Amino acid sequence: MKTTTPTTIDQKDYTPPTHLVSSVDLCFDLDDTNTLVQTRMEITANPAAKNSSALTLNGENILLKSVKINGKQLANSEYDLTDTTLTITSLPQRCTLEIENVIDPQGNTALDGLYKAGGIFCTQNEPEGFRRITYFLDRSDVMASFKTKIIADKKLHPVLLSNGNLIAQGDLPTGKHWAEWEDPFKKPCYLFALVAGDLGCIEDCYTTAGGRDVTLKIYCDKGNESRCYYAMEALKKSMKWDEKVFGLEYDLDIYMIVAVDSFNMGAMENKGLNIFNTVCVLADEKTATDDNFLSVEAVIAHEYFHNWTGNRVTCRDWFQLTLKEGLTVFRDQEFTSDMHSRAVKRIDDVQALRIRQFPEEEGPMAHSIKPNSYIAVNNFYTTTIYEKGAEVIRMIHTLIGKEEFRKGIDRYFELFDGQAVTTEDFVRAMEEASGYDLTQFKRWYSQAGTPQVNVEEEYNSVAQTLKLTVKQSSKPTADGSAKDPLYFPLTLGLIDSNGNDIALKIKKPNTLLHGSTLVIKEREQQFLFEEVPQNVTLSLNRNFSAPIKLSTKKDRTTQTFLMAHDKDPFNRWDAAQELATAVILQLVNDIQQNRPLALDDSFAYAFGIVLDDHTIDYSFKSRMLQIPTETVVAQQMETIDFDAIHQAREFVVASLAKEYEKQFTQLYHSLQTKEDYSIDSNSIGRRTLKNRSLGYLSHIPNETNLKLCFAQYSTSTNMTDAFFPLTFLAHIDCKERNAALKDFYDKWHNDTLVIIKWFRAQALSKLPNTLQQVEQLLQNPAYNEKIPNIVRSLIAAFTQNHIHFHSKNGEGYSLLTEQILRLDPINPQIAASLVGAFKILPKLDKQRKSLVTTHLQRILQTETLSTNVYEIASKTLAH
């Protein structure tokens, strides 16, 4: 084990900062390995703190040169210096503190703080990166105004950027130049940003509803400018939408985005200077798929929306992370829903929640959206904080209604603009604006776990009443939190035998919100509906009104009916998923019992009905024809049988392909078009359904279908139509596979943003030699372990390949362990994210559990292990 156990930070131990910083003046003289940082801070003792006689500043990997108080340099004996802190005693109540230090940006492979990669100086300071730049009170509740001067070689780094507005610039006789930026808004240091490099740029402008002219700039590597225009249009749409829906206007004269390859996260909302992973900015039809385009639009919106929900009002501490992230995810989901199909967006969001967040709550790292403790705060940038956090916001929106929610947002900014606050403050604003008592609802913030909700029906044909008994419970979770009854909305509908919704009449009208939503507060509640005709079908949790696991006594006939008739698009899709999952699980049982396999007739019939339904749009039909992933099916098993799940799912897809080969072929050809590429919803839907059809046909790998795949790949004029057949062929041992993979590599091996698709397609292949292929790809010249996107596209993708990563011989586990230990000294955040693949340990069979346990023990025995990796590995092993 590590010789020292890292410290656990507890939410209950929060104390106000000992000192406040009113202003910060920074000067950077940039150098690859010896950047000089000069910091001048105006410091005041915090009257809210119990003890402010000593000031302790955070600092890591910094060479301290000098410390001055009110112009007087301190001797070494007048401060205490450790590897992570600088403590100054006997500080005046008010003073000017000056610090001079040196850092090594090029050696900073963790990509945290100020680093240099790909010829660009760049920063990432959320959550605790600023301490790698200079000694500072690196916490989110210390807010100051920042002025930044940057000095750099003019030839190598002609572009010098920081937060706020450019106030001065000039040249120096040494061949260097300088630029000075000032941000008029106080902010915590995690929102500080700096970029310097030789960058290309596109520029546009936007006039706000209030008449402010805002300059918009997107910077990227030279040569990629043409791939930034979609992001620029997405930015302008976001600005307009936020004004229309929430009344929020941009507040600076300039808004800048910089796209860089080497970035741990998707993007960062630094005030006025967003730094993005290139995968979330660059997009054109030749290099980006439709999904990439939609992702770019969503992430651009997300980071822009943070200007208010995250920057203007920020988090008091990192336990409040969902305050900004959950709310902003909800806002970007609503934006995408308004820009495209609301139904399809809801399906995609819930599907992602179930694939990633539901297992997280069942695993060793289970935590509430407001965690109780952490060791490495980077480990809590999770789907629970973000996506479940957004679901909690959505429930408030459902409970109080759209208009009252908007009033709540207005009240939130009235009360807290310019402050660092808590989740309780947000809920308080919603209560004050709406008049609702959300005291019990706040349990969602502190209680981990996905509630299990059981609904029982009792119909009285004489009285024509339907009684519903709703019971909620929550299984124990790894964080040990108490499980009290939760307060949530449960939207429902009653469908008659003709497929039409009937009016809901409940005995106690006050128990039905907005005409169709029950309010659930107790462990068990009963609701009585009146004037209910016979043969009605209950549709529950419409639009996924609450993030719960629902249990009812629906048989396959009911599921099939809902799949065909439910007016709620989400529930119609969900019925199809439930039916398909049940079919696959039955086949898993058949495999385990060595019984012959046969496709369920009722499911095949229902699938055919959807396939022939010409009344539904392309995108929705594509989702309806999608078979649940192996991950989704695995969640239904106490002990996961990876091999049987894979075999069963493959059998279902291949059987459907064979039964409906003619229809899929006709549908595929009918969706071909000679129109120019477009990213409107209808065009995206057409391509999605066309490629869904081709995917089914690829499960019949005869000469005709292989030629069809390769022909689409070879003749495609856009990346969507090229990449899908490439992924289909990656699963088939044939000459077309080899030709397509070689051609793709030859075209794109120098383009990081595109070659990651090539790595991913092979990492997810179901062919027997996939693990050996991944090992070979690690030696490929295009593979660069210092670029997170590439690591994720190969190693992280391979961990999603259940049949090979979880191979009984343990070779997949060995490969991952080697990569974790190799990457941890380079980039602990990326290494820690890879350890997450072992969180499935509790649901493994005895043999696999033993193998994973051995590998986790090996990881924990590493002396130089990062706290990031230690936390996840130790909690996984202890679960």
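Here the structure is a predicted model, which is why all the values come from computation and not from measurement. In this chain, residues are counted from 1 in sequence order.
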- Given T109 and N827, is the side-chain hydrogen bond (donor to acceptor under 3.5 Å, both in side chains) satisfied, shown in steps? CA-CA 6 Å; T109 59; N827 190 327; over 6 Å; no
- Please walk me through it: do D680 and S678 pass side-chain hydrogen bond (donor to acceptor under 3.5 Å, both in side chains)? CA-CA 6 Å; D680 63 274; S678 173; 2.4 Å; yes
- Task: Please lay out, stage by stage, how Y230 and F293 fare under the test ring pair (Phe, Tyr, Trp, His ring centres under 6.0 Å).
- Result: CA-CA 8 Å; Y230 180 77; F293 275 104; 4.9 Å; yes
- Message: Show, in sequence, the C-alpha distance, side-chain angles and deciding distance for K176 and D171, and conclude whether the salt bridge (charged side-chain N to carboxylate O under 4.0 Å, His left out) test is met.
- Response: CA-CA 6 Å; K176 293 185 176 183; D171 293 331; over 6 Å; no
- Message: Would Y713 and E736 count as a side-chain hydrogen bond (donor to acceptor under 3.5 Å, both in side chains) here? Give the steps.
- Response: CA-CA 10 Å; Y713 170 81; E736 289 85 357; over 6 Å; no
- Output, in order, the C-alpha distance, side-chain angles, deciding distance and verdict of salt bridge (charged side-chain N to carboxylate O under 4.0 Å, His left out) for E182 and K149. CA-CA 9 Å; E182 185 174 34; K149 185 175 184 179; over 6 Å; no
- Task: Could you give me the CA-CA distance, side-chain angles and deciding distance for S619 and T688, then say whether side-chain hydrogen bond (donor to acceptor under 3.5 Å, both in side chains) is met?
- Result: CA-CA 6 Å; S619 291; T688 302; 5.0 Å; no
- Task: I would like to know whether W318 and Y190 meet ring pair (Phe, Tyr, Trp, His ring centres under 6.0 Å); could you show each step before the answer?
- Result: CA-CA 11 Å; W318 294 118; Y190 84 84; 4.9 Å; yes
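Listed by chain and residue number, F121 satisfy the ring pair (Phe, Tyr, Trp, His ring centres under 6.0 Å) test with H157 (two or more places apart in sequence, or in another chain). Under the rule for a side-chain contact (heavy atoms from CB on, under 4.5 Å), the partners of L36 that lie at least two apart in sequence or sit in another chain are D29, Q38, E100, V102.
Distance CG/L172 to OG1/T174: 5.0 Å, rounded to 0.5 Å.
Under 4.0 Å is where a charged nitrogen must lie from a carboxylate oxygen, and between E233 and K236 at least one such pair does. Contact check on R687 versus D721 returns no salt bridge, with no Lys/Arg side-chain nitrogen under 4.0 Å from an Asp/Glu carboxylate oxygen. Ion pairing between a basic and an acidic side chain is recognised when a charged N comes within 4.0 Å of a carboxylate O; E128 and R131 show such pairing. Remark: R227 does not engage E285 in a salt bridge, criterion side-chain N to carboxylate O under 4.0 Å. Under the 4.0 Å criterion applied to side-chain N and carboxylate O atoms, D251 and R212 are not assigned as salt-bridge partners. Under the 4.0 Å criterion applied to side-chain N and carboxylate O atoms, E334 and K345 are not assigned as salt-bridge partners.
Proximity of a side-chain donor or acceptor of S714 to a complementary backbone N or O of A711 within less than 3.5 Å is not detected. Looking at T35, its side chain never comes within 3.5 Å of a backbone N or O of L30 through a donor-acceptor pair. A distance-only check finds a donor-acceptor pair linking the side chain of E225 to the backbone of G223 [under 3.5 Å]. With N163 contributing its side chain and L191 its backbone, the two residues share a donor-acceptor pair below 3.5 Å. When atom types are taken as modelled, the side chain of T215 and the backbone of I254 share no donor-acceptor pair closer than 3.5 angstrom. Checking side-chain atoms of W758 against main-chain N and O of L741 turns up a donor-acceptor pair under 3.5 Å. Without hydrogens or angle criteria, N274 side chain to N270 main chain gives a donor-acceptor distance under 3.5 Å. Remark: side-chain polar atoms of N292 are paired, donor with acceptor, to backbone N or O of T289 under 3.5 angstrom. Using a distance-only test at 3.5 Å, with no hydrogens or angles considered, a donor-acceptor pair links the side chain of N311 to the main chain of E269.
The closest side-chain donor-acceptor pair between N264 and D112, if any, does not fall under 3.5 angstrom. Between the side chains of Y677 and D290, at least one donor-acceptor pair of N or O atoms lies under 3.5 Å. Residues R132 and Q124 bring no donor and acceptor atom of their side chains to less than 3.5 Å of each other. Between the side chains of D213 and T207, at least one donor N or O lies within less than 3.5 Å of an accepting N or O.
Between S765 and N801, the shortest heavy-atom distance links the atoms O-ND2, 2.8 Å. Nearest heavy atoms, G107 versus D104: N-OD1, 3.1 Å. The two atoms that bring N61 and I103 nearest to each other are O-CG2, 4.1 Å, heavy atoms only. V329 approaches A390 most closely through the heavy-atom pair CG1-CB, 3.5 Å. Shortest non-hydrogen contact noted between V195 and I275 is CG2-CD1, 3.8 Å. The two atoms that bring C315 and S140 nearest to each other are O-OG, 2.7 Å, heavy atoms only.
In this structure the side chain of M232 reaches within 4.5 angstrom of the side chain of I202, judged on heavy atoms. Looking at R686 and T673, their side chains come closer than 4.5 Å, going by heavy atoms from C-beta outward. You'll find the side chain of I150 stays beyond 4.5 Å of the side chain of L161, heavy atoms only. K217 places none of its side-chain heavy atoms less than 4.5 Å from the side chain of I257. In this structure, T752 and T278 have side chains that are not in contact, with every pair of non-hydrogen atoms separated by 4.5 Å or more. Contact annotation: the side chain of T727 never approaches that of L729 to less than 4.5 Å [non-hydrogen atoms, C-beta and beyond]. Residues S145 and V24 fail the side-chain proximity criterion, which asks for heavy atoms closer than 4.5 Å. Put simply, the side chain of N108 does not reach to within 4.5 Å of the side chain of L114, judged on heavy atoms.
Applying the side-chain contact (heavy atoms from CB on, under 4.5 Å) test between V835 and each of N379, V869, D824 identifies V869 as the sole match. T328 pairs in a side chain to side chain donor-acceptor pair (under 3.5 Å) with only one of the listed residues (Q333, H306, H302), which is H306. None of F330, W241, Y250 except one satisfies the ring-ring contact (aromatic ring centres under 6.0 Å, His included) rule with F305; the exception is W241.
Between Y381 and Y386, the two ring planes are tilted [angle within 30° to 60°].
Judged by the 6.0 Å and 45° rule, K757 forms no cation-pi pair with W748. Taking the ring axis of F185 as reference, the NZ or CZ atom of K271 stays within 45° of it and closer than 6.0 Å to the ring centre.
A 6.0 Å sphere centred on CZ of F724 holds no more than 12 heavy atoms belonging to other residues, nucleotides or ligands. Crowding of K237 atom NZ: a count of heavy atoms from other residues, nucleotides or ligands under 6.0 Å exceeding 12. Remark: D746 CG is packed, more than 12 non-hydrogen atoms of other residues, nucleotides or ligands lying under 6.0 Å away. The environment of CZ in R356 is sparse: at most 12 heavy-atom neighbours from other residues, nucleotides or ligands sit within 6.0 Å.
For Y255 and Y304, the distance between ring centers is under 6.0 angstrom. Taking the six-membered ring where the residue is Trp, the centroids of F263 and F276 are separated by 6.0 Å or more.
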